[in-house]
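Here's the structure, in structure tokens; my notes come after.
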There are 2 protein chains.
Amino acid sequence: MTPSARGDLFDPACPTRRLLDRIGTKWTSMTVKILAEAAPDEVRFADLRRRIPGVSQKMLSVTLQSLVRDGLVSRRVEATVPPRVHYRLTPLGASLESALAVLRTWAEEHMADVDQANQESER
Amino acid sequence: MTPSARGDLFDPACPTRRLLDRIGTKWTSMTVKILAEAAPDEVRFADLRRRIPGVSQKMLSVTLQSLVRDGLVSRRVEATVPPRVHYRLTPLGASLESALAVLRTWAEEHMADVDQANQESER
DNA sequence: CCGTATCCACGATGATACTG
DNA sequence: CAGTATCATCGTGGATACGG
């Protein structure tokens with residue numbers, strides 16, 4: 001068996017898995033949400049950092065880079081000193097936000113049920 | 001600062017984060033999908049394992065335990081030798097499936113765009 | 001057949017310090 | 001201000017073996 005055979009066999013057929021790998025990372029959904037709320041305005045790096053409690057500079061940078069690479073977010077640099085960098089959802093990112101909004105609604109409506117189920121399991 | 005202060009400060013207010021932590025695990029969405037397609041019928045452990053390519057016995061077990069604890073899946077044991085264990089989506093699990101279906105649709109419609117954006121970034 | 005226990009590898013995240 | 005580099009850490013997932 002080739003080294004890649006086991007891992008590649010079922011993955012390519014599952015775009016959902018790949019989507020979840022992206023939005024499942026710790027800071028992605030919050031970042032997208034903030035950018036969506038600000039849209040169509042841009043948001044600066046420092047603003048994002050302030051509005052995402054607990055995110056480190058590195059992880060916000062990594063998260064935004066991924067979103068930009070994926071075409072979900074656009075990046076604009078003001079060539080000043082010091083530089084200002086602005087981020088904004090692309091149309092593709094905005095369409096993802098719609099899907100994420102459905103998840104948020106479900107979470108707000110039903111996570112209490114999930115919590116209750118967990119408490120009942122403990123007994 | 002109390003030991004829990006940093007981690008607890010922003011988490012409780014975010015049910016979405018907690019939902020993503022659950023459905024973001026590697027095998028959860030596929031398991032829910034298969035159980036949803038079979039509903040209202042039950043599916044046996046061995047059947048699930050066969051229908052989820054690449055899942056290990058341990059991870060399927062862990063995944064199902066989580067789903068049961070969360071009240072999303074019900075578990076029924078046939079007291080035979082050897083035992084047979086059957087799983088089925090609960091109504092709560094079925095409602096989650098509706099939300100996941102939205103994600104799947106987005107993935108199927110748009111992950112190609114994401115892939116293309118990545119290819120263009122490489123250049 | 002189904003589940004658990006153990007050990008281990010790897011990636012994601014975080015702390016910190018440094019650069020343009 | 002924004003981003004990069006480095007190192008340490010932790011959780012997830014996988015291999016394997018064993019138990020009920």
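Naming: A, B, ... by sequence-line order, numbering from 1 per chain.
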Provide, to the nearest angstrom, the distance between the [atom1] atom belonging to [X] and the [atom2] atom belonging to [N].
X: B/R76; N: C/dG3; atom1: CZ; atom2: P; value: 13 Å
X: A/M59; N: D/dA5; atom1: CE; atom2: P; value: 15 Å
X: A/L60; N: D/dA2; atom1: CG; atom2: C1'; value: 10 Å
X: A/L64; N: D/dA2; atom1: CG; atom2: C1'; value: 11 Å
X: A/R17; N: D/dG13; atom1: CZ; atom2: C1'; value: 12 Å
X: B/Q65; N: D/dT12; atom1: CD; atom2: P; value: 14 Å
X: A/D21; N: C/dG11; atom1: CG; atom2: C1'; value: 11 Å
X: B/R69; N: C/dG3; atom1: CZ; atom2: C1'; value: 14 Å

Can you tell which of [options] lies closest to the side chain of [X]?
X: A/V85; options: D/dG3, C/dG3, D/dT4; result: D/dG3
X: A/P83; options: C/dG3, D/dC1, C/dG14; result: D/dC1
X: B/S61; options: C/dT4, D/dT4, D/dG14; result: C/dT4

Do you know the tightest heavy-atom contact between A/W27 and A/T31? O-OG1, 2.7 Å
Within a strict 4.5 Å, meaning less than it, do heavy atoms of the A/L92 and B/H110 side chains meet? yes
Heavy-atom check, side chain of B/V114 versus side chain of A/R22, under 4.5 Å: yes
Pick base, sugar-phosphate or nothing for B/Q57, based on heavy-atom distances below 4.0 Å to the nucleic acid. base
Considering every strand and a 4.0 Å limit on heavy-atom distances, what is the contact class for B/T80: base, sugar-phosphate, or nothing? nothing
Would A/R18 and A/D21 pass as an ion pair if we require N to O under 4.0 Å? no
Hey, could you give me the [atom1]/[atom2] distance between [X] and [Y], rounded to the nearest 0.5 Å?
X: A/I23; Y: A/L19; atom1: CD1; atom2: CG; value: 4.5 Å
X: A/K58; Y: A/T63; atom1: NZ; atom2: OG1; value: 10.5 Å
X: A/N118; Y: A/D113; atom1: CG; atom2: CG; value: 11.5 Å

Taking only side-chain nitrogens and oxygens of A/R75, does any of them come within less than 4.0 Å of OP1 or OP2 of D/dG3? yes
Verify the contact: side-chain N or O of A/Y87 to OP1 or OP2 of D/dC1, cut-off strictly under 4.0 Å; return yes or no. no
Among B/L89, B/V32, B/L96, B/V62, which residue satisfies the side chain to side chain contact (heavy atoms under 4.5 Å, CB included) criterion with B/L67? B/V32
Quick check against the 3.5 Å criterion: does B/S61 have a side-chain atom that pairs as donor or acceptor with the backbone of B/Q57? no
Does B/L35 offer a backbone N or O that forms a donor-acceptor pair with the side chain of B/R88 under 3.5 Å? no
The helix from C/dC1-D/dG20 to C/dG20-D/dC1: angle between terminal helix axes, five bp per end, to the nearest 10 degrees, reads 40°
Examine the base of C/dG14 for any acceptor or donor lying under 3.5 Å from a partner atom in the side chain of A/K58, and report the outcome as yes or no. yes
What parts of residues 44-52 of chain A reach DNA chain D, counting only heavy atoms under 4.0 Å away? A/R44, A/F45, A/A46
